[in-house]
Amino acid sequence: MVEMITLDGYPLTGPTRDGVWKRLGELEGWFDSPDPKRINAPRTRGDGNFQTEINYESRLITFNGRVVSKNHDYLHQAAGILAALPGRGGKQFVVDGHGPTQWATVDPRGKVAITFPTDNRMEFQIPLEAIDPFKYGEWRKFTTSVGSDVAVFHRGNADAIPYVVVSGSMPGGYTLSHAGSSVVVTEPLVSGSPHTVDYRKRRLYKGGAPVRGGLSTASYARVESGQRDTFSITPNTTGTATATMTLYDTYI
């Protein structure tokens, strides 16, 4: 497959109007896992430490590249585009051509360094930081309704965090279940006013606004890689509704 790397939609590899862009060396920090981190909790009356959750530091990415342009003016147009690409952050960095297409949201980690070895050649380095260290791929959507269930999965190598949109009418609320865990919503579901349950933020939203309360119990289970979990919705009292779970293939 041909490699295609973009930042904020602009190609960092391949031909553009301003020249031919090429990656130099390794794509540092992209194929590696970020540094793991954990809080050490020593056993005061035993050996070693207590088992605590492992999380990850930010993903640090460095892109080294070259641009060869038709002339000096085009080269400086490319340099101007390049200097502005990282912007104020929150840009999508996409890598295609090395297995599944993957992307991460990145911020600038330092200045874009640019040199001009010749009048029509530029070499550069872009240091980036993905505060969310996970990489994402294909977007998946699964829909179920009362009285049925649906298998949910993803093809990444890390646990994926879903969000769920619920539409219908359930005056006593409803229960969302998957992977042996449940989110019990007591906020009434009214036709024409769908709910969103955000498993990442651990919040319930109605009409885009957060709902204070509205949950009696909540266990926000992730969708594990390599597993198929059954997802279902049941009314707490009466009613009918559909629930749509969406998530991305998630990689570390």
[X], [atom1]: over 12 other non-hydrogen atoms inside 6.0 angstrom:
X    : atom1 : answer
Y163 : OH    : no
R17  : CZ    : yes
R212 : CZ    : no
Q92  : CD    : yes

Compare every heavy atom of [Y] with every heavy atom of [X], then report the nearest pair and how far apart it is.
X    : Y    : answer
T238 : P171 : O-CD, 3.5 Å
L24  : G65  : CD1-O, 3.7 Å
L176 : A243 : CD2-CB, 4.1 Å
R109 : I61  : NH2-O, 3.2 Å
P11  : T6   : CA-CG2, 3.8 Å
V106 : A130 : CG1-CB, 4.2 Å

Lys/Arg-Asp/Glu bridge criterion (N-O < 4.0 Å) met for E138, R155: no
Salt-bridge criterion met for R222 and D159 (N-O under 4.0 Å): no
Treating Ile, Leu, Val, Met, Phe, Trp and Tyr as nodes and any side-chain heavy-atom pair under 4.5 angstrom as an edge, say whether [X] and [Y] lie in one connected cluster.
X    : Y    : result
I114 : I5   : yes
V185 : Y205 : no
I233 : L215 : yes
I81  : F93  : yes
V152 : Y174 : yes

Trace of the side-chain contact (heavy atoms from CB on, under 4.5 Å) decision for R121 with V67: CA-CA 6 Å; R121 196 179 85 208; V67 182; over 6 Å; no
Looking at side-chain heavy atoms only, is the closest gap between [X] and [Y] below 4.5 Å?
X    : Y    : answer
V95  : L27  : yes
M170 : P188 : no
V164 : F231 : yes
S177 : S232 : yes
L204 : H195 : yes
T242 : T144 : no
T16  : Y74  : no
T62  : Q125 : yes

What distance do [X] atom [atom1] and [Y] atom [atom2] have between them, rounded to the nearest 0.5 Å?
X    : Y    : atom1 : atom2 : answer
D35  : L60  : CG    : CG    : 8.0 Å
Q227 : H154 : CD    : NE2   : 9.5 Å
L85  : D8   : CG    : CG    : 6.5 Å
S58  : K37  : OG    : NZ    : 7.0 Å
R66  : K22  : CZ    : NZ    : 6.5 Å

All side chain to side chain contact (heavy atoms under 4.5 Å, CB included) counterparts of T230, not counting sequence neighbours: D149
Pair T244-T143, side-chain hydrogen bond (donor to acceptor under 3.5 Å, both in side chains): steps then yes or no: CA-CA 4 Å; T244 299; T143 299; 3.0 Å; yes
Whether [X] side chain and [Y] backbone form a donor-acceptor pair below 3.5 Å:
X    : Y    : value
D18  : L75  : no
S69  : N71  : no
R59  : D32  : yes
H98  : Q102 : no
N157 : I252 : yes
D107 : G90  : yes
H72  : N120 : no
S148 : S145 : yes

Distance-only polar pair, side chains of T105 and D132, donor-acceptor under 3.5 Å: no
Any donor-acceptor N or O pair under 3.5 Å, side chains T13, E3: no
Ring geometry between W139 and Y248 (parallel below 30°, tilted from 30 to 60°, perpendicular above 60°): tilted
Mutual orientation of the aromatic rings belonging to F134 and Y136 [parallel < 30°, tilted 30-60°, perpendicular > 60°]: tilted
Step-by-step ring pair (Phe, Tyr, Trp, His ring centres under 6.0 Å) determination, W21 to Y10: CA-CA 11 Å; W21 299 63; Y10 194 86; 5.4 Å; yes
Candidate pair M122 and H76, rule side-chain contact (heavy atoms from CB on, under 4.5 Å), full reasoning: CA-CA 9 Å; M122 172 179 71; H76 276 275; over 6 Å; no
Test side-chain contact (heavy atoms from CB on, under 4.5 Å) applied to T250 and I161, step by step: CA-CA 8 Å; T250 305; I161 303 177; over 6 Å; no
Cation over ring face, R202 and Y220, 6.0 Å, 45°: no
Cationic tip of K135 above W103 ring, under 6.0 Å, 45° of axis: no
Ring centres under 6.0 angstrom apart (F63, W30): no
Full working for side-chain contact (heavy atoms from CB on, under 4.5 Å) between L189 and V166: CA-CA 8 Å; L189 177 67; V166 183; 3.6 Å; yes
